[in-house]
Amino acid sequence: MGAGGPRRGEGPPDGGWGWVVLGACFVVTGFAYGFPKAVSVFFRALMRDFGAGYSDTAWVSSIMLAMLYGTGPVSSILVTRFGCRPVMLAGGLLASAGMILASFATRLLELYLTAGVLTGLGLALNFQPSLIMLGPQLSEATPRTRPRRRLLDLAVCTDRAFAVYAVTKFLMALGLFVPAILLVNYAKDAGVPDTDAAFLLSIVGFVDIVARPACGALAGLARLRPHVPYLFSLALLANGLTDLSSARARSYGALVAFCIAFGLSYGMVGALQFEVLMAAVGAPRFPSALGLVLLLEAVAVLIGPPSAGRLVDALKNYEIIFYLAGSEVALAGVFMAVVTNCCQRCAKAAPAGPGTEDGASDTEDAEAEGDSEPLPVVAEEPGNLEALEVLSARGESTEPEPDARPRLAAESV
């Protein structure tokens with residue numbers, strides 16, 4: 001978790017501490033995604049206390065999400081300069097300070113600055129390092145179980161692959177967070193008691209927690225591994241269709257069913273989105289690409305929820321919100337699937353270079369082979385130095401004879 005990854009001579013933390021880091025990153029991700037949605041539970045109270053509409057109140061969650069995603073490049077620079085640990089510690093302090101100061105807010109503007117900007121920045125400084133640090137902690141810990149081929153054939157052209165992913169994420173972010181942010185108010189307007197309406201978010205969160213590791217395990221299967229981009233597209237399509245089919249859900253049972261389906265597809269999207277990005281751009285470019293993608297998402301979330309709130313204020317109807325959000329997410333899934341298929345066809349039609357075999361380069365194979373063994377440890381034992389000093393004192397050469405068999409360090413003691 002420090003400034004660098006595993007040092008030369010040290011093997012990656014296979015199990016043990018690596019799993020502790022994974023658990024900590026799990027908690028960090030839960031807070032990062034949970035806070036902006038949890039704020040929506042208080043929308044009704046905020047609207048009453050500040051005399052604001054849905055649009056003005058929705059800016060709190062939107063600013064928090066925008067800071068979470070938009071400060072990705074800043075977080076990347078700080079992680080590169082100082083390492084993951086100090087950046088995450090600073091982020092935790094900022095997030096806590098923002099929520100404490102928000103409790104003293106008397107105007108919406110103050111809430112924007114504290115809960116939105118300050119807490120959002122703190123969550124960002126926790127969120128992105130938690131994604132970056134898992135690479136050296138766990139992915140290198142089990143290199144023999146990793147497939148030697150990339151997930152995406154479209155990765156043969158990194159720029160196009162990144163463009164495809166960026167457009168997909170922008171379309172997805174426009175509508176993905178809107179139903180979750182407006183869900184509680186939607187249920188309250190449908191006559192659901194406040195406590196039961198707030199519990200709907202708990203259902204989404206619980207299903208999300210179960211869906212993410214389950215989808216990750218499913219994506220790790222050998223037969224599904226090369227098709228993970230299509231699994232990601234399927235998750236987006238399922239999420240969009242869930243919104244479209246639940247636009248007229250008014251009963252509590254129908255809302256519970258929506259939350260289960262939404263949490264399942266939302267968890268699948270969350271489990272696969274960064275893995276697909278890693279496969280598209282490669283590990284060396286992942287931190288920079290992640291920052292740019294999160295910046296695009298920040299723009300999208302600044303547009304989505306406030307615009308949805310303004311439509312609710314104007315139309316007094318939630319159906320159009322679900323139709324628009326579902327259409328955007330479903331379109332992102334279809335776009336991802338179609339363009340991925342086209343890129344894979346182009347990759348297969350392109351003539352293979354001298355160093356390629358089945359679309360995988362020798363360089364990638366060499367990297368995979370090289371990662372499968374820990375870096376050599378060079379230990380300087382006192383006995384070796386004493387032996388060399390004795391030989392030098394006798395005037396004997398310390399250079400090995402050309403025909404002599406190389407001896408182990410222990411034999412020279």
Side-chain angles (χ1 to χ4, degrees), residues 26-27 29-65 95-96 98-106 108 111-112 114-116 119-120 123 176-212 239 242-243 245-267 270 304-306 308-309 311-313 315-319 321-322 325-326:
F26 174 80
V27 174
T29 304
F31 276 111
Y33 281 122
F35 263 96
K37 290 184 289 187
V39 171
S40 65
V41 175
F42 305 101
F43 273 7
R44 275 290 188 87
L46 295 175
M47 292 168 62
R48 182 184 64 249
D49 293 343
F50 297 114
Y54 281 110
S55 177
D56 294 333
T57 310
W59 274 105
V60 179
S61 294
S62 292
I63 292 174
M64 191 181 297
L65 284 170
S96 301
M99 295 306 294
I100 292 173
L101 292 175
S103 64
F104 298 100
T106 57
L108 269 180
L111 208 59
Y112 294 160
T114 53
T119 299
L123 294 176
L176 183 65
F177 303 102
V178 170
I181 291 176
L182 297 182
L183 174 62
V184 176
N185 285 325
Y186 176 51
K188 290 178 179 179
D189 287 350
V192 177
D194 291 357
T195 304
D196 294 337
F199 183 70
L200 292 174
L201 275 182
S202 300
I203 296 176
V204 174
F206 177 77
V207 177
D208 185 10
I209 289 174
V210 175
R212 285 177 185 256
N239 187 273
T242 298
D243 295 342
S245 61
S246 304
R248 296 190 177 185
R250 305 295 291 178
S251 66
Y252 191 70
L255 289 174
V256 169
F258 162 76
C259 290
I260 294 174
F262 182 86
L264 179 62
S265 57
Y266 186 88
L311 286 175
V312 171
D313 289 335
L315 303 176
K316 307 299 181 184
N317 192 319
Y318 286 90
E319 288 186 23
I321 304 303
F322 280 83

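Just so it is clear, the values below take in all heavy atoms, side chains as well, and ignore hydrogens, waters and symmetry mates. Just so you know, residue 1 is the first one in the sequence shown, and it goes up from there.
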*Hey, are the side chains of Asp56 and Tyr112 touching, using non-hydrogen atoms and a 4.5 Å cut-off?*
yes
*Taking Asp313 for its side chain and Ser55 for its backbone only, find out whether a donor-acceptor pair lies under 3.5 Å.*
yes
*Distance in Å, Ile321 CD1 paired with Leu311 CG, rounded so as to fall on 0.5 Å steps*: 4.5 Å
_Tell me whether Ser265 contacts the main-chain N or O of Ala261 through its side chain, where contact means a donor paired with an acceptor under 3.5 Å._
yes
*Do Ser61 and Pro305 come within less than 4.5 Å of each other through their side chains, counting heavy atoms only?*
no
_Are the side chains of Ile260 and Leu264 in contact, using a 4.5 Å heavy-atom criterion?_
no
*Determine whether Phe42 and Val60 make a side-chain contact, defined as any pair of heavy atoms from C-beta on separated by less than 4.5 Å.*
no
*Residue list, salt bridge (Lys or Arg N to Asp or Glu O under 4.0 Å) with Asp208, at least two apart or on another chain*: Arg212
*What residues form a side chain to side chain donor-acceptor pair (under 3.5 Å) with Thr106, not counting sequence neighbours?*
Glu110
*Work out which heavy atom in Ala32 is nearest to a heavy atom in Pro36; give both atom names and the distance.*
O-CD, 3.2 Å
*Among Leu201, Ile203, Thr195, side-chain contact (heavy atoms from CB on, under 4.5 Å) partner for Phe199*: Ile203
*Asn317 side chain reached by Val312 side chain, heavy atoms, under 4.5 Å*: no
*Step by step, work out the side chain to side chain contact (heavy atoms under 4.5 Å, CB included) result for Ile181 and Phe43.*
CA-CA 9 Å; Ile181 291 176; Phe43 273 7; 3.7 Å; yes
*Would you say Pro179 and Phe262 make side-chain contact, with heavy atoms under 4.5 Å?*
yes
Acceptor/donor pairs from residues 182-194 side chains to any protein atom, 3.5 angstrom cut, sequence neighbours excluded:
unit_1	atom_1	unit_2	atom_2	d
Tyr186	OH	Ala247	O	3.3
Tyr186	OH	Ala249	O	2.5
Lys188	NZ	Val41	O	3.4
Asp189	OD1	Arg44	NH2	2.2
Asp189	OD2	Tyr54	OH	2.8
Asp189	OD2	Tyr318	OH	2.9

_If you count heavy atoms of other groups shown closer than 6.0 angstrom to OH of Tyr252, is the number above 12?_
yes
*Quick one: do Val178 and Asp243 satisfy side chain to side chain contact (heavy atoms under 4.5 Å, CB included)? Show the steps, please.*
CA-CA 10 Å; Val178 170; Asp243 295 342; over 6 Å; no
*Which value, rounded to the nearest 0.5 Å, describes the distance between Thr57 atom OG1 and Leu111 atom CG?*
9.0 Å
